[in-house]
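Notes for the one structure printed next.
Because only heavy atoms are used, hydrogens play no part in the values below, and waters and symmetry mates are left out as well, while side chains stay in. Throughout, protein chains are lettered first and strands after them, A, B, ... in sequence-line order, and every chain is numbered starting at 1.
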2 protein chains.
Amino acid sequence: MKQAASADVAGARGGNGRNGRAAYDLSAVLDIAVGAFNDYGYDATSMGLLAERLGTSKSAVYYHVSGKEDLLRLALERALGGLEGILTLPGAIEGAAEDRLRFVLRGAVAVLVDDLPYVTLLLRLRGNTEIERSALARRRAFDHEVSQLVDRARADGSLRTDVDSGTITRLLFGMINSIVEWYKPGGTLTPAQLADHVISVAFDGLHRPTA
Amino acid sequence: MKQAASADVAGARGGNGRNGRAAYDLSAVLDIAVGAFNDYGYDATSMGLLAERLGTSKSAVYYHVSGKEDLLRLALERALGGLEGILTLPGAIEGAAEDRLRFVLRGAVAVLVDDLPYVTLLLRLRGNTEIERSALARRRAFDHEVSQLVDRARADGSLRTDVDSGTITRLLFGMINSIVEWYKPGGTLTPAQLADHVISVAFDGLHRPTA
DNA sequence: ATAGTTTTACTGAACGATCGGTAAGTAGCG
DNA sequence: CGCTACTTACCGATCGTTCAGTAAAACTAT
């Protein structure tokens, strides 16, 4: 009874249409790994615990991934891919700087909500290994592109100039990134409302509208 | 040569005025421990690494503290004590709700900058152990008191009512707490300026002042 | 002044537990 | 049979922690 039955574990398994036994697919393993990493922290999550959550053995996990760091790498790739994808969309490239900034911020909230556990993992990195440092570098590159949008919006006269654009960008992302620490999908606050509130508070502040 | 000389380690030592040898004082050990916890994460920081940073042996650390968790407990106590102290000051108790809110937010920035590594550690907790869960509960209690101030300011008509106060409080703290991830004391941005910018952006938003 | 005692503050070696990862064998399917 | 998807058993390394012994300073008695 110390081990769950080897089949029928919460839909994590799916046939692969090929020879051999029914298998976990990689994305199911990844989902559970990312969940555990966020619950306990990457370092504090053992491969044994992952196996337990999957209802299988430790070494079975190694059949699907080459190791613990591989799980981290795959998860971070998904989060970074989502964020970087925003910057390639037309709304991020065309139009006035403030509109492009609003589009990117709204997109960041959307990716964050859509891939919540994956982005959460990304935002908690410390940079201990090469994989983590590489992910942090890509994240900084994304932040830098947004910072340039803030600069352009300021040059257009859209934004206040009494606070430097680096501070503005950091406070903006501080606000947006904090969403991973408290937003629960499926609650009364829909992702679209959340994005509206964030953009509105960011641009207009806490005071009641003067209009 | 594998071990540093037993004295003169970077001013971490100080006499204690009592019998026996010159010792590290607890606060020096704690400072180095908190720095390492923030660099690598609590779980990824080994007692061996702490000893190395202190220029002493692993077991020497156990003379000063009862264990790794004890270091965490002492560090979190300092961070939480600072934050909770704000709420006991006159500026947080007397006056209009919005002024009290501004005072508390400004105080939170001040504590955060003053005890930067300690608050950083607090903000990165995952709640794996009883000590961490207890610290998280105290942090939530602090947040809750600020949330009540937001409620009162809204009731006074000072703040916008199209976003609920829970979301406002979370976005506020998201912005403020992010400071630990990028603010470097001793730079061109002084703590007082930082607090001004944070309060100003939070209440008035990113747009240029209409006045 | 100095020898002896006490207390403090360590050192170095080792402990059991747990870590990430591997080797070898096998059950279930086409 | 051939291939997939595991299983059990185990490895060396590292983890937090403990323990017996000791060097160095302060205190005390002479």
Selection residues 57-66 of chain B - residue pairs positive for salt bridge (Lys or Arg N to Asp or Glu O under 4.0 Å), sequence neighbours left out | none
OP1, OP2 of C:dA9 versus side-chain N and O of B:Y63: anything below 4.0 Å?
-> yes
Mind checking what makes side chain to side chain contact (heavy atoms under 4.5 Å, CB included) contact with A:A135, not counting sequence neighbours?
-> A:L76, A:L80, A:L122, A:L125
Quick test: give all pairs of protein nitrogen or oxygen and nucleotides 19-22 of chain C nitrogen or oxygen below 3.5 Å, distance rounded to 0.1 Å.
from	atom 1	to	atom 2	distance (Å)
C:dG20	OP1	A:T45	O	3.1
C:dG20	OP1	A:K68	NZ	2.8
C:dG20	OP2	A:M47	N	2.8
C:dG20	N7	A:K58	NZ	3.1
C:dG20	O6	A:K58	NZ	3.4
C:dG21	OP2	A:Y62	OH	2.8
C:dG21	OP2	A:K68	N	2.9
C:dG21	O5'	A:Y62	OH	3.4
C:dG21	O6	A:K58	NZ	2.5

Does B:H64 have a side-chain nitrogen or oxygen under 4.0 Å from the phosphate oxygens OP1 or OP2 of C:dC10?
-> yes
Could you tell me the separation between the CG atom of A:L54 and the P atom of D:dT7, rounded to a whole number of Å?
-> 11 Å
Distance (rounded to the nearest 0.5 Å) between A:F103 CZ and A:L89 CG = 4.5 Å
For D:dT8, does either OP1 or OP2 sit under 4.0 Å from a side-chain N or O belonging to A:S57?
-> no
Side chain to side chain contact (heavy atoms under 4.5 Å, CB included) against B:D115, all qualifying residues, sequence neighbours excluded | B:R78, B:Y118, B:V119
Those residues that, when tested against B:R126, pass side-chain hydrogen bond (donor to acceptor under 3.5 Å, both in side chains) (two or more places apart) = none
Qualifying residues under side-chain hydrogen bond (donor to acceptor under 3.5 Å, both in side chains), relative to B:D196, sequence neighbours excluded = B:R106
